[in-house]
Protein chains: 2
Amino acid sequence: MVTIKDVAKLSGFSIKTVSRVVNNLSEVSPETRQKVQHAISELGYQPNTMARSLVIGRTNTVGVIIPHSAEYIFAHPFFTEVLRGIAEVLSANNHNLLLYLAYEKVPYSRVFIQRQVDGLILMSIPIGDPNLHGIHESGVPFVCTCRITEDDQITNYVDADFTGGVEQGMEYLLSLGHRRIAILPGPMSLVSVRLRLRGYQNAWRKHRLAEPEDYVLEGEFSSESGHALAVKAMSLPNPPTALICGDDLIAFGAIQALKEMGYRVPEDISIIGFDDINLARFSSPPLTTVRQDTYLKGRIAAETLLTLMRGKCPSSPRQILLDTSLVIRNSTAPAQNL
Amino acid sequence: MVTIKDVAKLSGFSIKTVSRVVNNLSEVSPETRQKVQHAISELGYQPNTMARSLVIGRTNTVGVIIPHSAEYIFAHPFFTEVLRGIAEVLSANNHNLLLYLAYEKVPYSRVFIQRQVDGLILMSIPIGDPNLHGIHESGVPFVCTCRITEDDQITNYVDADFTGGVEQGMEYLLSLGHRRIAILPGPMSLVSVRLRLRGYQNAWRKHRLAEPEDYVLEGEFSSESGHALAVKAMSLPNPPTALICGDDLIAFGAIQALKEMGYRVPEDISIIGFDDINLARFSSPPLTTVRQDTYLKGRIAAETLLTLMRGKCPSSPRQILLDTSLVIRNSTAPAQNL
DNA sequence: AAAATAACTGACAACGTTGTCATTAAATTA
DNA sequence: TAATTTAATGACAACGTTGTCAGTTATTTT
């Protein structure tokens with residue numbers, strides 16, 4: 001292994017001077033710099049990251065924590081986009097990205113105390129995660145890409161406005177004349193799902209309409225679940241004329257189930273998704289959906305974290321809510337009397 | 001920051017003895033071990049990873065390289081699955097995962113020479129990547145999740161048998177009576193696409209049939225591209241009765257385009273995809289596709305790398321080709337005379 | 001009882017870098 | 001000209017850990 005010592009010996013200068021050249025400090029004469037650089041490229045020298053980190057007390061590395069219990073996070077299309085946003089910002093700022101699968105027993109903050117990372121991004125935290133305590137205690141700069149409670153006032157977060165997003169979808173369905181609107185929000189164990197439900201309830205209240213009963217159909221973020229729930233919805237005594245879904249996968253499954261049952265989408269039943277994944281344009285019919293910019297979520301999370309890492313951690317948390325927008329395609333139509 | 005020194009002072013033992021306890025070495029008496037452990041948990045001590053790595057010369061970290069020029073890799077459903085396979089194996093073996101976006105100018109091997117990682121997984125390498133030279137030279141243990149040439153005999157790789165996969169699809173279409181089969185293989189800049197094409201050609205040859213002309217329609221791995229190419233295919237003087245696609249996204253786009261043009265799938269035109277992503281079951285009609293196990297690809301790549309890292313790098317490369325299987329759903333039917 | 005072995009424990013160097021401070025030579029100022 | 005500043009460089013300690021090896025007990029063997 002080529003070390004700074006070898007470069008010093010070959011160039012005839014001291015270790016410290018080589019270090020100055022490597023770190024591009026100004027206090028080196030041009031000739032010296034050139035000679036040292038020549039020796040560096042001659043030997044193919046690269047500084048040892050571990051040794052440097054040990055001295056300077058930083059690693060220029062950010063940890064991204066993915067709760068492993070939630071496997072569907074990995075499988076979900078939005079995951080990639082958030083990660084890409086994070087990776088690009090970190091890369092542009094010369095920071096590395098350590099990806100951790102967090103099992104419940106292992107406290108996230110460990111990796112910070114061990115000086116592996118200078119900060120953390122928590123990608124999807126279970127409600128009541130006991131690790132958050134340790135995080136706060138250890139003083140890690142961290143940012144969540146989700147909220148930990150419906151009215152989180154504790155963590156730094158960047159998240160989509162799920163409540164507002166569902167309200168947008170509901171407004172549209174109501175404007176089309178739908179009054180029997182069921183929601184397939186996803187798993188209620190997730191805060192984001194509870195926030196979606198809040199949007200659903202807000203919409204009814206805002207229009208001074210009574211929220212229909214039995215129209216909240218909890219499930220998973222998957223097409224399989226959407227399929228099953230759509231079947232269940234249509235077998236209700238008073239079946240809905242529209243379904244608003246917690247994500248696009250649920251919507252895809254629901255559409256297929258409806259077709260199989262002989263309903264036409266959107267003529268008989270309207271469907272709205274959430275996320276606007278790439279494939280939403282290519283379903284049959286193309287999906288009307290509430291768009292959230294997951295790539296941007298990742299970028300902003302990373303940028304926020306870098307800011308936190310540079311300055312002291314502020315007393316009040318940084319909380320950012322990203323707007324959603326309704327993308328109208330062909331899975332929605334005016335309500336018919338069935 | 002709590003260091004091993006603090007633990008030594010509090011427990012009354014030497015630094016070295018604390019180190020022995022931390023590393024769970026046997027040469028410590030039970031009482032000593034207990035006292036030291038008490039001090040450790042009292043202080044909340046965690047060993048400094050950088051200092052340890054510096055001494056032992058390893059980081060227990062694996063780098064995963066993603067060429068950034070290929071943005072679609074991030075966006076592609078298979079990416080997540082490979083990454084999940086890698087992450088799970090590394091996690092189970094107490095190794096960390098550093099994710100790198102590789103820009104063309106930055107040689108991958110740098111991160112190895114800098115001792116940030118003990119090995120590398122290269123997720124999708126452009127043909128003729130100049131960095132491979134540096135990789136071989138630096139002696140990094142590495143594994144590719146793809147081949148770098150159609151007959152790669154150099155790198156360690158784990159990849160799907162694209163040629164065989166397309167042959168499976170072709171066999172099925174031919175058995176259904178199709179003779180006008182066009183292929184939408186994806187971007188020819190990728191080796192995997194050239195290998196798919198090879199499977200297409202093999203099938204014709206094996207059946208002693210002349211390969212039809214103008215039936216290779218190059219494009220991207222996206223639904224948009226599939227849509228455009230399907231339109232192009234059907235406007236040929238002698239349009240095909242079946243399309244075999246390089247991935248499922250292309251197939252989805254193609255199906256939509258065909259529907260828009262008034263064709264029925266599969267009655268008029270048969271479609272086969274590649275990958276079997278989760279959503280393949282939920283397209284309309286459900287997609288017949290060649291399944292590759294991308295999650296397994298990731299797992300095996302990581303396991304292979306760990307093996308390489310443990311032993312010396314063998315002289316002959318480890319090359320693993322994973323079988324594919326045809327999943328028959330409803331986008332394929334016997335050929336009709338159009 | 002003496003000698004040999006085993007079981008623990010600790011002092012100190014080493015890993016490869018950067019930070020602190022001293023030293024030297026050159027350039028500027030008084 | 002002498003005194004002061006500036007620029008360039010290097011010696012050495014420090015970062016927090018592990019490896020080496022020597023030392024001290026306790027235990028076993030002769």
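Below, each value reflects all heavy atoms present in this structure, side chains not excepted, and no hydrogens, waters or symmetry copies. Reminder, nothing fancy here: chain letters follow the sequence lines and each chain counts from 1.
For D/dG16, neither phosphate oxygen OP1 nor OP2 lies less than 4.0 angstrom from any side-chain nitrogen or oxygen of B/Thr3. In this model, the phosphate group of D/dT9 is approached by a side-chain N or O of A/Ser29 to a distance below 4.0 Å at OP1 or OP2. When the side-chain nitrogen and oxygen atoms of B/Thr17 are compared with OP1 and OP2 of C/dT9, none of them lie within a distance under 4.0 Å. Contact check, B/Asn23 against D/dT18: a side-chain N or O comes under 4.0 Å of OP1 or OP2. The shortest distance between the side-chain N/O atoms of A/Ser19 and the OP1/OP2 oxygens of C/dT18 is below 4.0 Å.
Note on A/Val22: nothing from the nucleic acid sits closer than 4.0 angstrom, heavy atoms only. A/Ile56 comes within contact range of the sugar-phosphate backbone alone, with a heavy-atom separation under 4.0 Å but no base atom that close. Among the atoms of the strands shown, only primed sugar atoms or phosphate atoms (P, OP1, OP2) are found under 4.0 Å from some heavy atom of B/Thr32. No contact: A/Arg115 has no heavy atom under 4.0 Å from any strand.
As rounded to whole Å, 13 Å separates atom P of D/dT18 from atom CD of B/Glu27. Atom CD1 in B/Ile15 sits roughly 10 Å away from atom C1' in C/dC12 (whole-Å rounding). The CE atom of B/Met50 sits 15 Å away from the P atom of C/dT18 (whole-angstrom rounding). Atom CZ in B/Arg58 sits roughly 13 Å away from atom C1' in D/dT17 (whole-Å rounding). As rounded to whole Å, 18 Å separates atom P of C/dT24 from atom CZ of A/Phe13. Summarising the geometry, the separation between CG on B/Asp6 and C1' on D/dG16 is reported as 11 Å, rounded to the nearest angstrom. Nucleotide C/dT18 holds its C1' atom 16 Å from the CG atom of A/Asn24, rounded to whole Å. For B/Gln46 and D/dG16, the CD to C1' distance is 14 Å, given to the nearest whole Å.
With respect to the salt-bridge test (charged N to carboxylate O, under 4.0 angstrom), the residues A/Asp159 and A/Arg147 qualify. A salt bridge does not link A/Glu31 with A/Lys35: every distance from a Lys NZ or Arg NE/NH1/NH2 to an Asp or Glu carboxylate oxygen is 4.0 Å or more.
Comparing atom distances between the B/Val55 side chain and each of D/dG10, C/dT17, D/dT17 picks out D/dT17 as nearest. The nucleotide whose nearest atom lies closest to any side-chain atom of B/Asn48 is, among D/dA11, D/dT17, C/dT17, D/dT17. Across C/dA11, C/dT17, C/dG16, the shortest atom-to-atom separation from the side chain of B/Leu54 is found for C/dG16. The side chain of A/Ile4 approaches C/dT18 more closely than any other nucleotide in the set C/dT18, D/dT17, D/dT9.
Relative to the six-membered ring of A/Tyr295, A/Arg84 meets both conditions, a distance below 6.0 Å and an angle of at most 45° to the axis.
Distance check, rounded to the nearest 0.5 Å: OG of B/Ser53 to CD of A/Gln116 gives 7.5 Å.
For A/Arg20 against C/dG19, no side-chain N or O and base N or O form a donor-acceptor pair under 3.5 Å.
When only modelled atom types and interatomic distance are considered, A/Arg52 and A/Asn60 share no side-chain donor-acceptor pair under 3.5 Å.
Side-chain atoms of A/Thr61 come within 3.5 Å of backbone atoms of A/Thr59 as a donor-acceptor pair (strictly under, hydrogens ignored).
Comparing B/Lys16 and B/Ala51 along DNA chain D, the residue whose closest nucleotide (by nearest heavy atom) sits nearer the 5' end is B/Ala51.
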